[in-house]
Enquirer: 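Mind having a look at this structure? Questions to follow.
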Amino acid sequence: MATARTTTRRLPATGGGVITRSVLPGGLRVLTEAMPGVRSASVGVWVPVGSRDETPALAGSSHFLEHLLFKGTTTRSALDIASAMDAVGGEFNAFTEKEHTCYYATVLDRDLPLAIEIVSDVVLNATITSQNVDVERSVVLEEIAMRDDDPADLVHDEFATALFGDTPLGRPILGTEESIRGLSRSQINGYYKRRYVPSSMVVSVAGNVVHADVVTAVRRAFAGRADEPAPAARRSPAARPSAPQRAVAVLTEDTEQANLVLGMHGLDRHDPRRFAVGVLSAALGGGMSSRLFQRIREERGLAYSVYSYASSYTDAGQFGVYAGCTPGKADEVLGLMNTELDLAARGDLSVAEIERGKGQMRGGIVLGLEESSSRMTRIGKSELTYGDVMGVDELLERVDAVTPEQVTEVAAELLSRPRCLTVVGPFGAHDFDGAI
């Protein structure tokens with residue numbers, strides 16, 4: 001049997017833990033982070049498949065597939081899977097994003113081999129029967145209906161569509177009611193067979209673990225398939241439009257609150273300025289001292305929830321600010337959002353505000369790593385998206401290295417780009433003519 005290639009990096013900022021990486025001969029990557037002081041362990045199988053990999057005819061397939069994989073494998077029924085995890089008090093779940101899907105479990109450290117076996121079985125050996133497709137179709141449609149009933153969630157999907165248009169990045173992860181109703185068992189199963197290629201996957205484990213034991217368990221669970229290289233489907237590059245596909249999009253809903261997202265095209269995840277953008281976002285809307293929170297909520301009491309965010313993909317990105325307010329205050333809130341973006345673009349953020357933004361980022365990095373599941377997620381997602389895992393010390397150094405001048409420069413470029421406004425509430429499109 002061919003041996004795995006293993007590299008080890010010692011990262012003292014993670015509490016003395018060690019991150020170890022092995023690459024099995026077929027290409028499957030296995031990463032662990034040792035946390036000797038805990039009694040839990042988390043495993044995630046990361047698949048580089050998400051909604052941006054779908055054609056219009058397959059819209060929603062990645063998320064639909066996530067549901068179906070829990071319905072049974074060649075050796076376990078759905079009840080067998082649930083019972084095995086419940087018997088050890090484990091948590092088993094999954095999530096789908098634009099560019100990846102993750103199946104994960106958290107258990108007591110002694111039950112990690114079982115968790116690796118079950119998660120791997122679900123990912124590799126799903127049966128996807130016609131009966132299960134019909135059952136889960138109804139569940140996914142209910143999930144879409146639930147999303148539609150939550151305007152604070154819906155407005156973000158509408159914003160992506162307005163910004164990127166009818167493209168894979170612009171379509172909702174859940175798909176649409178029409179696309180889900182139209183998907184057949186053969187379409188979904190074919191998508192599964194083509195896209196779920198072991199050689200392109202990442203297995204990440206964090207907790208009270210021994211790397212060699214994890215690799216042994218993964219090789220057993222993948223039953224030789226990890227050693228069989230297979231070509232992964234190539235992802236089409238995103239278009240790089242200079243402006244949003246729609247400047248203003250209003251979804252008329254009889255809601256008690258207006259939900260607004262104002263933003264623009266952002267940076268991709270490989271742009272070295274992404275740390276400066278993170279600081280900028282934190283300073284604008286990342287905490288109670290941020291510009292948006294102070295101007296809109298604290299000083300005027302116009303909204304309960306207001307924040308900014310940046311989302312990055314392989315070759316594209318978005319930057320936005322969100323606020324929820326009563327419909328009668330929407331114009332004033334939008335005016336303040338535009339004003340603060342304009343001021344930041346002109347370099348109005350102070351050194352003190354930028355330093356607080358850096359503190360927000362540092363705290364978010366460190367405080368988010370208290371549990372094995374969060375560390376599993378960090379190393380798995382980093383390996384899948386960057387092909388490497390940056391140590392916590394290095395991440396903090398990158399944040400510390402951001403200068404006020406860098407934040408000012410990236411704000412001037414980013415926030416001066418053509419803006420896109422999405423609104424969900426009791427309005428007509430004419431209500432926001434000339435709003436941006």
Enquirer: For the residue pair L108 and V88, establish whether any side-chain heavy-atom pair is separated by less than 4.5 Å.
Expert: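 Result no, sub-4.5 Å side-chain heavy-atom pair not found.
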Enquirer: Would you call L24 and F222 a side-chain contact if the rule is heavy atoms closer than 4.5 Å?
Expert: no
Enquirer: Which heavy-atom pair separates V202 from L28 by the least distance, and what is that distance?
Expert: N-CD1, 4.3 Å
Enquirer: Check whether the side chains of T385 and H100 place a donor and an acceptor atom closer than 3.5 Å, and report yes or no.
Expert: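 No, H100 and T385 have no side-chain donor paired with an acceptor closer than 3.5 Å.
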Enquirer: Please report the interatomic distance CZ(R220) to CD1(I116), rounded to the nearest 0.5 Å.
Expert: 9.0 Å
Enquirer: Answer yes or no: is there a donor N or O on one side and an acceptor on the other, between the side chain of R375 and the main chain of L369, under 3.5 Å?
Expert: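 A pair under 3.5 Å: yes.
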Enquirer: Tell me if a side-chain donor or acceptor on S281 pairs with a main-chain N or O of G278 at a distance below 3.5 Å.
Expert: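 Checking the backbone N and O of G278 against the side chain of S281, no donor-acceptor pair under 3.5 Å is found.
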Enquirer: How about R356: does its CZ atom have over 12 heavy atoms from other parts shown lying under 6.0 Å from it?
Expert: yes
Enquirer: With side-chain contact (heavy atoms from CB on, under 4.5 Å) as the criterion, how do I354 and V279 come out once you've worked through the C-alpha distance, each side chain's angles and the decisive distance to 0.1 Å?
Expert: CA-CA 7 Å; I354 291 171; V279 173; 3.8 Å; yes
Enquirer: Quick check against the 3.5 Å criterion: does Y386 have a side-chain atom that pairs as donor or acceptor with the backbone of R269?
Expert: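 Such a contact is found between Y386 side chain and R269 backbone.
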Enquirer: Can you find a pair of side-chain heavy atoms, one from F159 and one from L260, that are under 4.5 Å apart?
Expert: no
Enquirer: Report the residue from F293, Y307, Y309, Y304 that forms a ring pair (Phe, Tyr, Trp, His ring centres under 6.0 Å) with Y322.
Expert: Y307
Enquirer: I'd like to know if the side chain of S372 pairs up with that of S40 as donor and acceptor (distance under 3.5 Å, no hydrogens or angles considered).
Expert: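 The criterion, which ignores hydrogens and geometry beyond distance, is satisfied for S40 and S372.
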Enquirer: Is there a side-chain contact (heavy atoms from CB on, under 4.5 Å) between R295 and V306? Walk through the geometry before answering.
Expert: CA-CA 10 Å; R295 300 294 183 270; V306 54; over 6 Å; no
Enquirer: Check whether any side-chain heavy atom of D53 sits under 4.5 Å from a side-chain heavy atom of P168, and report yes or no.
Expert: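 Contact flag for D53/P168 side chains = no.
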Enquirer: Just one of Y104, F70, Y103 clears the ring pair (Phe, Tyr, Trp, His ring centres under 6.0 Å) bar with F92, so which one?
Expert: F70
Enquirer: State, with a plain yes or no, whether a side-chain heavy atom of V366 is found less than 4.5 Å away from one of L396.
Expert: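 Of all side-chain heavy-atom pairs linking L396 with V366, at least one is under 4.5 Å.
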Enquirer: Is the number of heavy atoms from other residues, nucleotides or ligands under 6.0 Å of E299 CD greater than 12?
Expert: yes
Enquirer: Can you tell me which residue among V205, V214, T106 is in a side chain to side chain contact (heavy atoms under 4.5 Å, CB included) with V43?
Expert: V205
Enquirer: I'd like to know whether L114 forms a side-chain contact (heavy atoms from CB on, under 4.5 Å) with V107, so could you lay out the CA-CA distance, the side-chain angles of the two residues, the decisive distance to 0.1 Å, and finally the verdict.
Expert: CA-CA 9 Å; L114 173 67; V107 294; over 6 Å; no
Enquirer: Closer than 3.5 angstrom, by distance alone: can the side chain of S374 be matched with the main-chain N or O of G368 as a donor-acceptor pair?
Expert: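 Here the side-chain-to-backbone pair exists.
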Enquirer: Applying side chain to side chain donor-acceptor pair (under 3.5 Å), run through S51 and H63 and close with a yes or a no.
Expert: CA-CA 8 Å; S51 59; H63 174 256; over 6 Å; no
Enquirer: Is there a side-chain contact between S382 and M390, using heavy atoms and a 4.5 Å cut-off?
Expert: no
Enquirer: Can you give me the closest heavy-atom contact between K98 and I173, atom names plus distance?
Expert: N-CD1, 3.9 Å
Enquirer: Main chain of S350, side chain of E353: is a donor-acceptor contact present, judged purely on distance under 3.5 Å?
Expert: yes
Enquirer: Evaluate salt bridge (charged side-chain N to carboxylate O under 4.0 Å, His left out) for R398 paired with E394, printing each intermediate quantity in order.
Expert: CA-CA 6 Å; R398 294 288 188 95; E394 187 176 355; 3.5 Å; yes
Enquirer: I need the L68 CG to I188 CD1 distance, nearest 0.5 Å.
Expert: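 Here the rounded value is 5.5 Å.
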Enquirer: Salt bridge between R21 and D388, side-chain N to carboxylate O under 4.0 Å?
Expert: no
Enquirer: What distance do L267 atom CG and D315 atom CG have between them, rounded to the nearest 0.5 Å?
Expert: 12.5 Å
Enquirer: Hey, is the main chain of E332 close enough, under 3.5 Å, to the side chain of R300 for a donor-acceptor pair?
Expert: no
Enquirer: Hey, can you pull the donor-acceptor pairs under 3.5 Å for the side chains in residues 411-424, sequence neighbours left out?
Expert:
unit_1 : atom_1 : unit_2 : atom_2 : d
E413   : OE1    : R273   : NH1    : 2.5
E413   : OE2    : R417   : NH2    : 2.8
S416   : OG     : A412   : O      : 2.6
R417   : NH1    : H265   : O      : 3.0
R417   : NH1    : G266   : O      : 3.1
R419   : NH1    : N338   : OD1    : 2.9
R419   : NH1    : D342   : OD1    : 3.1
R419   : NH2    : D342   : OD1    : 2.7
R419   : NH2    : L415   : O      : 3.2

Enquirer: I need the minimum non-hydrogen distance between A401 and Q406, along with the two atoms involved.
Expert: O-OE1, 3.5 Å
Enquirer: Do S62 and Y191 pair up side chain to side chain, a donor and an acceptor below 3.5 Å, judged on atom types alone?
Expert: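 Y191 and S62 do have a side-chain donor-acceptor pair below 3.5 Å.
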Enquirer: Is there a donor-acceptor pair under 3.5 Å between the side chain of S204 and the backbone N or O of M376?
Expert: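 Between the backbone of M376 and the side chain of S204 there is a qualifying donor-acceptor contact (under 3.5 Å).
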Enquirer: Hey, is E97 close enough to K381 for a salt bridge, meaning N to O under 4.0 Å?
Expert: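 Salt bridge flag = no for K381 with E97.
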Enquirer: Atom CG of L284 and atom CG of L349: how far apart are they, to the nearest 0.5 Å?
Expert: 5.5 Å
Enquirer: Could you tell me which non-hydrogen atom of L341 sits nearest to which non-hydrogen atom of L262, and how far apart they are?
Expert: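 Looking at all heavy atoms of both residues, the shortest contact is CD1-CD2, 3.7 Å.
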Enquirer: What pair of heavy atoms forms the shortest contact from K358 to V402, and how long is it?
Expert: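 Taking K358 first and V402 second, the nearest heavy atoms are NZ-O, 2.9 Å.
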Enquirer: Between OG1 of T252 and CG of D431, what distance do you get to the nearest 0.5 Å?
Expert: 8.0 Å
Enquirer: Between T314 and E99, do the side chains contain a donor N or O and an acceptor N or O under 3.5 Å apart?
Expert: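 Judged by distance alone, the side chains do pair up.
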Enquirer: Does one side chain, of E66 or T96, offer a donor that lies under 3.5 Å from an acceptor on the other?
Expert: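 There is such a pair (donor and acceptor under 3.5 Å, judged by atom type) between the side chains of E66 and T96.
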Enquirer: If you apply the rule side-chain contact (heavy atoms from CB on, under 4.5 Å), what do you find for R378 with V392, and how did you get there?
Expert: CA-CA 10 Å; R378 187 182 84 84; V392 173; 3.9 Å; yes
Enquirer: Side chain of T101, backbone of V47: donor and acceptor closer than 3.5 Å?
Expert: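 The answer is no, because no donor-acceptor pair under 3.5 Å joins these two groups.
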Enquirer: Just verifying a value: how many Å separate L154 CG and H156 NE2, rounded to the nearest 0.5 Å?
Expert: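 Rounded to the nearest 0.5 Å, the CG-NE2 separation comes to 10.0 Å.
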Enquirer: Give a yes or no answer on whether the side chain of R225 reaches the backbone of L124 with a donor-acceptor pair at less than 3.5 Å.
Expert: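 Indeed, once roles are kept as given, a pair shorter than 3.5 Å links the two residues.
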Enquirer: Measuring only between side-chain heavy atoms, which start at C-beta, is L343 closer than 4.5 Å to R291?
Expert: yes
Enquirer: Do the charged groups of R171 and E54 touch, with an N to O distance under 4.0 Å?
Expert: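 Not counted as a salt bridge, because no side-chain N and carboxylate O are separated by less than 4.0 Å.
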Enquirer: So, for M201 and V45, which heavy atoms are closest and what is the spacing to 0.1 Å?
Expert: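 Minimum heavy-atom separation between M201 and V45: SD-CG1, 4.1 Å.
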Enquirer: Between the main-chain N or O of A221 and the side-chain N or O of S120, is there a donor-acceptor pair closer than 3.5 Å?
Expert: no
